[in-house]
Amino acid sequence: MHRADEAMLRSLLADCFRLLVHTETREVPIYALTVARRDGKLGPNLHRSETDCQANGARPLDSAPPRAVGADGKPACLILPLFARGRFQARGLHMANLASALNNVVGRTVMDKTGLTDSFEFDLSWTPDPLLQPGVTLDGAGQQATIAGPSLFTAMQEQLGLKLEAEKRPGEVLVIDSVQRPSEN
């Protein structure tokens, strides 16, 4: 959200609900994206890419990446996040972009601490958390979910040679001081 839009929204909420807020710095939980092995070896599904989609003007995680084709006939820039299905494929992506994409999947901020500066291609598959719950069905016919693979955390280590480590760091949080029900006029 742009700062101007945020200011307008805060003003509207303040008028309608007498909302008073402030921000403060607190210790917040995050994940650090790191290389899993001490020797720096990457996993079998993570490879350096000859294509750097950011350098070529592509916006990371764009829903319609450039259709340029690489020397091998595959798309030069590929970003295919199917998080609800437990799959994320990319080509020409930086680790900072992978970390950013994982924010919504794991429910907290992910910071790139891999030290890897090249662009990469990878294919990551895991079983999404909702499918790990007992009684979850895949369709209206009551078909029981089949656990097809590892959790995201295990898949990251096994397939990419990366891991998500829980940490705490100072972060800005929004604190609600007071709020009232709107008047009926």
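- A84 and P128 get closest at one heavy-atom pair: O-CG, 3.2 Å.
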Item to complete: Apply side-chain contact (heavy atoms from CB on, under 4.5 Å) to L93 and F122, showing your working.
Response: CA-CA 9 Å; L93 201 66; F122 59 86; 4.0 Å; yes
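- Cluster membership check: I176 does not share its hydrophobic cluster with V173, using side-chain heavy-atom separations under 4.5 Å among Ile, Leu, Val, Met, Phe, Trp and Tyr.
- Note: F153 CZ to W126 CH2 = 11.0 Å, rounded to the nearest 0.5 Å.
- Put simply, the side chain of V106 reaches to within 4.5 Å of the side chain of L164, judged on heavy atoms.
- F83 and I79 fall within the same hydrophobic cluster, defined by Ile, Leu, Val, Met, Phe, Trp and Tyr side-chain heavy atoms under 4.5 Å apart, directly or through other members.
- Atoms CG and CD, from N45 and E158 in turn, are 10.5 Å apart once rounded to the nearest 0.5 Å.
- In summary, the side chains of D118 and H94 do not present any donor paired with an acceptor at a separation below 3.5 Å, with no hydrogens or angles considered.
- Salt-bridge annotation for R37 and D39: present, with a side-chain N of the basic residue lying under 4.0 Å from a carboxylate O of the acidic one.
- Side-chain atoms of S49 come within 3.5 Å of backbone N or O of T51 as a donor-acceptor pair.
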Discussion item. Run the side-chain contact (heavy atoms from CB on, under 4.5 Å) test on Q89 and L124 for me, step by step, so that the C-alpha distance in whole Å, both residues' side-chain angles and the decisive distance to 0.1 Å come before the verdict.
Written reply: CA-CA 6 Å; Q89 292 177 284; L124 178 65; over 6 Å; no
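- Interatomic distance, S100 OG to D112 CG, rounded to the nearest 0.5 Å: 10.5 Å.
- Partner of R10 under the side-chain contact (heavy atoms from CB on, under 4.5 Å) criterion, out of D5, D15, V21, L19: V21 alone.
- For the atom pair CZ of F88 and CD of Q159, the computed distance is 13.0 Å after rounding to the nearest 0.5 Å.
- Within 6.0 Å of CG in N104 there are 12 or fewer heavy atoms belonging to other residues, nucleotides or ligands.
- V175 and V28 end up in the same hydrophobic cluster when Ile, Leu, Val, Met, Phe, Trp and Tyr side chains are linked at under 4.5 Å.
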Fill in: Test side-chain contact (heavy atoms from CB on, under 4.5 Å) applied to V110 and I30, step by step
CA-CA 6 Å; V110 177; I30 67 157; over 6 Å; no
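- Separation of atoms CD (E27) and NZ (K168) is listed at 7.0 Å; rounding is to 0.5 Å.
- Closest of all the heavy-atom pairs between A155 and S125 is CB-O, 3.4 Å.
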Practice prompt. Report the C-alpha distance between E24 and R26 in whole Å, list the side-chain angles of each, state the deciding distance to 0.1 Å, and finish with yes or no for salt bridge (charged side-chain N to carboxylate O under 4.0 Å, His left out).
Written response: CA-CA 6 Å; E24 57 185 54; R26 294 185 182 173; 2.8 Å; yes
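- For the pair R108 and Y31, the cation-pi criterion (under 6.0 Å, within 45° of the ring axis) is fulfilled.
- Between the side chain of T114 and the backbone N or O of L116 there is at least one donor-acceptor pair closer than 3.5 Å.
- Distance check, rounded to the nearest 0.5 Å: NZ of K163 to NZ of K113 gives 12.5 Å.
- The side-chain heavy atoms of L42 and F120, taken from C-beta on, include a pair separated by under 4.5 Å.
- The minimum heavy-atom distance between M111 and A99, with the atom names listed, is C-CB, 4.2 Å.
- Between T109 and R169 there is no side-chain heavy-atom pair separated by less than 4.5 Å.
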Item to complete: Output, in order, the C-alpha distance, side-chain angles, deciding distance and verdict of side-chain contact (heavy atoms from CB on, under 4.5 Å) for L174 and H22.
Response: CA-CA 6 Å; L174 184 69; H22 72 275; over 6 Å; no
